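Report on the following structure.
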Amino acid sequence: MNEKESTGVSNFIRNIIDKDLASGKHVKIITRFPPEPNGYLHIGHTKSICLNFGIARDYNGICHLRFDDTNPEAEDVEYVDSIMEDIRWLGWDWGTKLFFASDYYDKLYDYAEILIKDGKAFVCDLSPEEMNKMRGTLTQAGTESPWRNRSAQENLDLFRRMKAGEFDEGTKTLRAKIDMASGNINMRDPVIYRIKKAHHHRTGDKWCIYPMYDYTHCISDALEGITHSICTLEFEDHRPLYDWILDQLPVPCHPQQIEFARLNMTYTVMSKRLLLTLVKDGHVNGWDDPRMPTVAGMRRRGFPAAALRELSERIGVAKASSIVDFELLQFCVREELNKTAKRVMAVLDPLEVEIENYPDGKIEYLEADNNPEDPSAGKRLIPFGRHLLIERYDFSEEPVKGWFRLAPGAEVRFKHAYYITCKEVLKDASGNITKLICSYDPASKGGWSQDGRKIKGTVHWLCKDTAINIETRLYSHLFKVEDPMSCEEGKTFLDYLDPDSLVTKQAWGEPSLSEAKASDAFQFLRLAYFTADYDTTTDKPVFNRVVTLKDSWTKKGKA
RNA sequence: UGGGAUGUCGUCUAAUGGUAGGACAGCGGACUCUGGAUCCGUACGUGGGGGUUCAAGUCCUCCCAUCCCAGCCA
């Protein structure tokens, strides 16, 4: 129990670390989270973030935040800022360990010269098209570049001139000299430097050659003393190259790359490219649209950071590709919000109720728990009067078996208020129910009676005269199918978008809701968890539905 | 006739040659001033064939299925 709490759940990566610690290979564990600042973080990244920062926390180690900024054309400070904000919001702290791969450009360059002097790298004049042709195919070996056997001296001279900006983009690259016949395409003399006359968000115009990921990442890890370099499965094929480069150079250490399966989740897509499409083509309202699996979107939606961390714990870490049930996320969100969300009453689809034996014009204030799960959340006073509003679906003129909400002649409890009995049903000319005439039992104030009468049904309600208008944004899955990526012939993931994934509904709520501040979490009693949106104002409160409450009644198909 | 990986309840994940366990979802019940929460119970799994072993999810072997790789992206 104690061990489990202190080191988290067991997984194959922690097993490796345990062994390395036991054998004395390492005494201090250093991990890193290495995002490229070219997009927003999504829930897939939160798995990696929690993994790396979580290991550092549990092993008394350190997790570095290192931006993998080697492609200036794609990257921007805007992303650097949003990524740091998201990681902090998720509850992690990198202390002083903030790094940029671009911090290492000078060292990286020096190492490249070493490679050249040792005959392990060469300047190649092939055009991108030629290089592509000569790379071979998955089943056929590649062909060696005609420039492969230049002298070290010539290579050094050319590389220095590349750095000096003497050549145009695309005319020359620096390549590692490995094996054009390798079955692993990454080992077929991979490019390690290319010419890009681009402005870098940190180094400005100092450089016109930029190192490639494979070359940069392993050396950056080594320079920082990373012990375990944890990445996703698609880099498995790159590990031989990671190791090869470090084996050629006098680097301070040789970190171990370990790959794990990235997170996939039902009813959503996870790639930056696809998310960008959703944003760019206006299928959602920006990166922080509450339907997006981005950290920014989930934050706005109202998913608590603690729930996201809990999810990361629960899904575990392994090497088999998998798709996690969205239900598990919802469970984590409900679990957290149940403990923390303030209970209030709101009515989305109102039906008028008039209490015939309650004095007209009288308003009394009744005491209500703010959170039955947390007594320290205190109580509040809610207004009650003759004219009330209830949820239309809480009344049934012809109740089915097992129905214990309101019905003609039935008595139910109005939460925190009184026992109410339905006396009469008023309808308009076309037969629609317009109002319920009810009576209340004054002896049941607070929602209970001394005679021990058993009242099974409890409904939520609002005092009509004091209720305020609110806007609710009812979110559901962005996609109609579990896996939008496995498409039928001729369709794309966009064909599975659910046009009803956002339904905006004007509703009514307790007066106190006008004071809600953005990100405040609520449970609208018996309905769902809601969070005040960034758009909320005193005049026009706006709430995002985070997740509905579990509902074992409608699930039975009885509603 | 390329290389690299992975197959355990519906889903995710543990078991490191010795009782296949947990969580979510499901189902049933208890309880409840939220048909919420909580509590209890229940069903469901080692991709397949051979082999080694007293004993195999685990070791060997063959097969099958799935995923990743041909950017001067990361």
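Throughout, a chain's letter reflects where its sequence line sits, starting with A, and its residues are numbered from 1. For clarity, every value in this text was computed on a predicted model and none was experimentally measured.
B/C44 and B/G28 have their C1' atoms separated by 15 Å, with the value rounded to a whole Å. If you take atom C1' in B/G36 and the same atom in B/A30, they sit 16 Å apart, rounded to whole Å. Separation of the P atoms belonging to B/U11 and B/G45 is 12 Å when rounded to the nearest angstrom. Rounded to a whole angstrom, the distance from the P atom of B/U8 to that of B/G48 is 11 Å. With both ends at atom P, the span from B/U16 to B/G7 equals 15 Å, rounded to whole Å. Only the P atoms considered, B/U58 is 11 Å distant from B/G18, to the nearest whole Å. To the nearest whole angstrom, the two P atoms, one in B/C24 and one in B/U32, are 24 Å apart. Nucleotides B/G57 and B/G47, compared at atom C1', are 12 Å apart to the nearest Å.
Atom-to-atom, CD1 of A/Ile192 to P of B/C73 comes out at 14 Å; the value is rounded to the nearest Å. What separates CZ of A/Arg32 from P of B/A74 is a distance of 15 Å, to the nearest Å. Protein atom CG of A/Leu275 is 16 Å distant from nucleotide atom C1' of B/A74, rounded to whole Å.
The side chain to side chain contact (heavy atoms under 4.5 Å, CB included) search around A/Asn155 returns A/Ile116, A/Phe122, A/Val123, A/Arg150, not counting sequence neighbours.
Using a cut-off of 4.0 Å between Lys/Arg side-chain N and Asp/Glu carboxylate O, A/Lys319 and A/Glu259 are scored as salt-bridged.
Between A/Tyr440 and A/Tyr418, the ring planes are perpendicular. Angles over 60° get that label, and only those under 30° would be called parallel.
The shortest distance between the side-chain N/O atoms of A/Arg526 and the OP1/OP2 oxygens of B/G35 is below 4.0 Å. Phosphate proximity of B/U32 to A/Arg413: absent, as no side-chain N or O sits under 4.0 Å from OP1 or OP2. Within the 4.0 Å cut-off from OP1 or OP2 of B/C73, at least one side-chain nitrogen or oxygen of A/Arg194 is found.
Donor-acceptor pairing under 3.5 Å is recorded for the side chains of A/Asn38 and A/Lys272.
For B/G71, the base is syn relative to its sugar; the glycosidic angle is within 90° of 0.
Counting non-hydrogen atoms under 4.0 angstrom, A/Asn11 reaches the backbone sugars and phosphates but no base. Counting any heavy atom pair closer than 4.0 Å across all strands shown, A/Val459 reaches no nucleic acid atom. Here A/Lys196 lies in heavy-atom contact (under 4.0 Å) with sugar-phosphate atoms only.
Remark on RNA chain B: of its neighbouring residues A/Ala318 and A/Asp214, the 5'-side contact belongs to A/Ala318, judged by nearest-heavy-atom nucleotide.
Relative to the ring axis of A/Phe404, A/Lys456 places its NZ or CZ within 45° and under 6.0 Å from the centre.
When base pairs are accepted only as Watson-Crick or G-U wobble with both N-N or N-O distances under 3.5 Å, RNA chain B takes part in stems of 3 or more pairs at B:2-7 with B:64-69, B:10-13 with B:21-24, B:26-30 with B:38-42, B:47-51 with B:59-63.
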Could you write out each protein N or O paired with an N or O of nucleotides 19-25 of chain B at a distance under 3.5 Å?
unit_1 : atom_1 : unit_2   : atom_2 : d
B/A23  : O2'    : A/Arg314 : NH1    : 2.5

Collect all protein-nucleotide pairs involving nucleotides 1-6 of chain B in which both atoms are nitrogen or oxygen and the distance is under 3.5 Å.
unit_1 : atom_1 : unit_2   : atom_2 : d
B/G2   : N9     : A/Leu138 : O      : 3.0
B/G2   : N2     : A/Gly183 : O      : 3.2
B/G2   : N3     : A/Leu138 : O      : 2.7
B/G3   : N2     : A/Asp237 : OD1    : 3.3
B/G3   : N2     : A/Asp237 : OD2    : 2.7
B/G4   : O2'    : A/Asp237 : OD1    : 3.4
B/A5   : O2'    : A/Glu236 : OE1    : 3.3

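Residues from residues 339-347 of chain A that place a heavy atom under 4.0 Å from any atom of RNA chain B, listed by number: A/Arg343.
Nearest nucleotide to the A/Ser10 side chain, out of B/C72, B/G35, B/A14: B/A14.
A side-chain hydrogen bond (donor to acceptor under 3.5 Å, both in side chains) check over residues 185-199 of chain A, counting only residues at least two apart or in different chains, returns the pairs A/Glu73-A/Lys196, A/Arg148-A/Asp189, A/His199-A/Asp205.
Below the 3.5 angstrom threshold, one finds a donor paired with an acceptor across the side chain of A/Gln523 and the base of B/U34.
The aromatic ring of A/Trp553 is stacked on the base of B/G35, with the two ring centres less than 5.5 Å apart and the planes inclined by under 30°.
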